[in-house]
Amino acid sequence: MIKTALEEISRGTAEIIDDKRIEKLVTKYYDDGTTYTVKAGFDPTGADLHLGHTVLLQKLKVFQNHGGIVQLLIGDFTATIGDPTGKSETRKVLTRDTIMANAQTYQDQVFNILDRDKTEVVFNSHWLDALGAGGMLGLTTRFNVARMLERDDFEKRYKGGESISISEFLYPLLQGYDSVELKSDIEIGGTDQKFNLLMGRYLQRSYEVGKEQAVLMMPILEGLDGVQKMSKSLNNYIGIVEKPKDIYAKTLSISDDLMWRYYELLSEKSLLDIASMRDEVKNGTLHPKVVKENLALELVKRFYNQELAIQAKAEFDNVFKSNKLPTDMKEIECEDGIWICKALVDAGIEPSTSQARRDIKQNAVSVNQEKISDEKLNLSAGDYILQVGKRKFAKVKVG
RNA sequence: GGUGAGUUAGUCAAGUGGCCAAAGACGGCAGACUGUAAAUCUGCUCCCUCCGGGUUCGAAGGUUCGAAUCCUUCACUCACCA
């Protein structure tokens, strides 16, 4: 039992620091039912969770299955600083209201995956607000600049001659301090969080909490482009509240290489099964597209259900294999004689009339499934289906 | 506080008085080929009903027939010195 638990816990991890401690905690739970705490922090900066987050959430769920109580830390205080990771620009400061609204949306979505009864939701403003200037100073004396600059991101920016704000130095300290307050046994995060996670461990020692958190790091999930990490701001994400057909379609649009990565990090299939599929694809007995379709189905099924997953596939095949129209399209009404480019913009499938004009020149625009080439076309009264490229559709009622 | 360098489109980056709506690269979009994959080839990539016009090169002023380019002030960034 314990062995299986530990295997599940370590599956797919990038790195574990102090795995002995995790083993002890799990063992103790199975001995006498003592639970332990697992901290994971979320910045309430964007409202929607995407698959990148679920990598962590699924791992937290595994801990919950084996005696872990999740401390879901909403970094409402630290959100006002903004974690520097990978960004050189200062983030915009969020208002309290936005933060709280985002936090609420987060929670609604998180409990799609996590067990509510085994989760404590905590806000770090509770203790960080109270910390005050004195407490903050006390915190800063425990670390020094040279070590701070060891953080990969800081080092790169410093060497690259980019700006680093003092407040950014505070971010890891504050995040680490959260672990002091929460007395976490384990903290999990992405590999890009290594520095911050270790800071928690360090500060727990420094403040003599009596334990040092073990740290478990998950790999960072690449976004749809396969290069950069999945994030909302790069618009390369699959959100867990997106419509089934969008989740399905976006999954199919990833590259074959990336597909395997998604399988490893997101699928519930065993690593063995994944490896054998890989072999079959390699020797040509299995078409990669089928493998990808299965992944897409699995993902839709996870956030919705089997039925909707099958529907999403049917819809997709219908539109892209048989060149039929999607069942739900944006519909707008326009005045009689509207210029085609204007209609495309109004329908939201072109950003500007200039762009629309260019696309028409390039044979990318269809009206009622017929390519058009006249960029000066005006639409007389009637119903039209407008299409740009392969994926953008709109229904327009003129007159 | 001092000295020097810098701020150009989504990003990086060329451009030092007119030939600049601004090279190039990346990214993005579209077309061909496909499996809405990859690779490859082609076109497009500030806005405007566009053979024409408008607004851009950190911000505001100024010089000039003419400014991304020269001058002044301001803001921001980096380096060195203190």
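Chain naming here is simple, since letters A, B, ... match the order of the sequence lines and numbering starts at 1 in each.
- Cation-pi geometry between A:Arg142 and A:Tyr177 is not met: the NZ or CZ atom fails to fall both under 6.0 Å from the ring centre and inside 45° of the normal.
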Does A:Gln204 form a side chain to side chain donor-acceptor pair (under 3.5 Å) with A:Ser184? I'd like the steps, not just the answer.
CA-CA 9 Å; A:Gln204 280 179 333; A:Ser184 313; 4.8 Å; no
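- As rounded to the nearest Å, B:U56 and B:A21 have C1' atoms that lie 8 Å from one another.
- Taking each heavy atom of A:Val398 and A:Gly337 in turn, the nearest pair found is CG1-N, 4.0 Å.
- A:Ile349 places its CD1 atom 14 Å from the C1' atom of B:A30, with the value rounded to the nearest Å.
- Within residues 375-399 of chain A, the residues that have a heavy atom under 4.0 Å from RNA chain B are, in order of number, A:Gly389, A:Lys390, A:Arg391.
- The two residues A:Thr54 and A:Leu51 have their closest heavy-atom pair at OG1-O, 2.6 Å.
- Rounded to a whole Å, the CG atom of A:Asp225 is 17 Å from the P atom of B:U11.
- Separating the C1' atom of B:G17 from that of B:G62 is a span of 16 Å, rounded to the nearest Å.
- Near-neighbour residues of RNA chain B inside residues 273-300 of chain A, defined by a heavy atom below 4.0 Å, number-ordered: A:His287, A:Pro288, A:Lys289, A:Lys292.
- Taking atom P on both nucleotides, B:U73 is separated from B:G24 by 37 Å, rounded to a whole Å.
- A donor-acceptor pair shorter than 3.5 Å cannot be found between the side chains of A:Ser352 and A:Ser354.
- Contact check for A:Thr140 versus A:Leu137: side-chain heavy atoms found under the 4.5 Å cut-off.
- The separation of B:G18 from B:G66, taken at their C1' atoms, amounts to 6 Å, rounded to a whole angstrom.
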Just do the side chain to side chain donor-acceptor pair (under 3.5 Å) check on A:Arg151 and A:Asn196 with the steps written out, would you?
CA-CA 9 Å; A:Arg151 179 178 164 152; A:Asn196 297 358; 2.8 Å; yes
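- Under 4.0 Å is where a charged nitrogen must lie from a carboxylate oxygen, and between A:Asp383 and A:Lys395 no such pair does.
- Rounded to whole Å, the distance from CD on A:Gln228 to C1' on B:G28 is 13 Å.
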Produce the list of close N/O pairs, under 3.5 Å, pairing protein atoms with atoms of nucleotides 75-82 of chain B; give distances to one decimal.
none

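- A:Lys313 has a carboxylate O that lies under 4.0 Å from a charged side-chain N of A:Asp317, or vice versa, which qualifies the two as a salt bridge.
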Protein-proximity profile, nucleotides 52-59 of chain B, B/S/- by nucleotide at the 4.0 Å heavy-atom cutoff, equals --------
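- Annotation: B:A22 and B:G54 have their P atoms spaced 15 Å apart (nearest Å).
- A cation-pi arrangement, defined by a distance under 6.0 Å to the six-membered ring centre and an angle within 45 degrees of its axis, is present between A:Lys250 and A:Tyr237.
- Because its NZ or CZ atom is both nearer than 6.0 Å to the ring centre of A:Tyr202 and within 45° of the ring axis, A:Arg147 counts as a cation-pi partner of that residue.
- Considering every non-hydrogen atom in both A:Glu264 and A:Arg11, the closest pair reads O-NH2, 3.6 Å.
- Residues from residues 353-368 of chain A that place a heavy atom under 4.0 Å from any atom of RNA chain B, listed by number: A:Thr353, A:Ser354, A:Arg357, A:Arg358, A:Gln362, A:Asn363, A:Ala364.
- Between B:A14 and B:U7, the distance separating the two P atoms is 8 Å to the nearest Å.
- Checking B:C78 for Watson-Crick or G-U wobble geometry (two distances, each under 3.5 Å) identifies B:G4 as its partner.
- The aromatic rings of A:Tyr36 and A:Tyr29 sit perpendicular to each other, their planes meeting at more than 60°, with 30° as the lower class boundary.
- Between A:Glu375 and A:Arg357, at least one side-chain N (NZ, or NE/NH1/NH2) sits under 4.0 Å from a carboxylate O, which counts as a salt bridge.
- Scanning both residues, A:Ser10 and A:Ile16, for their nearest heavy atoms gives CB-CD1, 4.1 Å.
- Base pairing of B:G43 is made with B:C29, judged by Watson-Crick or G-U wobble geometry with both donor-acceptor distances under 3.5 Å.
- A straight line from CD of A:Glu350 to C1' of B:C47 spans 14 Å, rounded to a whole angstrom.
- Of all heavy-atom pairs spanning A:Gly223 and A:Leu258, the tightest one is O-CD2, 3.3 Å.
- A heavy-atom distance below 4.0 Å to RNA chain B is reached by these residues of residues 244-269 of chain A, ordered by number: A:Ala249, A:Ile254, A:Ser255, A:Asp256.
- Rounded to whole Å, the distance from NZ on A:Lys156 to P on B:C12 is 16 Å.
- Here, B:U8 and B:U16 have their C1' atoms 13 Å apart, quoted to the whole Å.
- With a 3.5 Å ceiling on both atom-pair distances, B:C20 lacks any Watson-Crick or G-U wobble partner.
- In this pair, A:Phe42 and A:Tyr106 present their aromatic rings perpendicular. The plane angle is above 60°, beyond the 30 to 60° band.
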For A:Gln213 and A:Glu187, run side chain to side chain donor-acceptor pair (under 3.5 Å): C-alpha distance rounded to whole Å, both residues' side-chain angles, the deciding distance at 0.1 Å, then the answer.
CA-CA 6 Å; A:Gln213 66 182 20; A:Glu187 176 161 9; 3.0 Å; yes
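- Searching all strands for a Watson-Crick or G-U wobble partner of B:U63 with both distances below 3.5 Å returns nothing.
- Comparing B:U77 with B:A39, their P atoms are spaced 39 Å from each other, to the whole Å.
- Side chains of A:Gln175 and A:Thr78: a donor-acceptor N/O pair is absent below 3.5 angstrom, by distance only.
- Computed from coordinates, the A:Ile372 CD1 to B:U49 C1' distance equals 14 Å when rounded to whole Å.
- Distance CD1 (A:Ile338) to C1' (B:U49): 12 Å, rounded to an integer number of Å.
- For the 3.5 Å distance criterion, the side chains of A:Asn294 and A:Glu298 fail to qualify, holding no donor opposite an acceptor.
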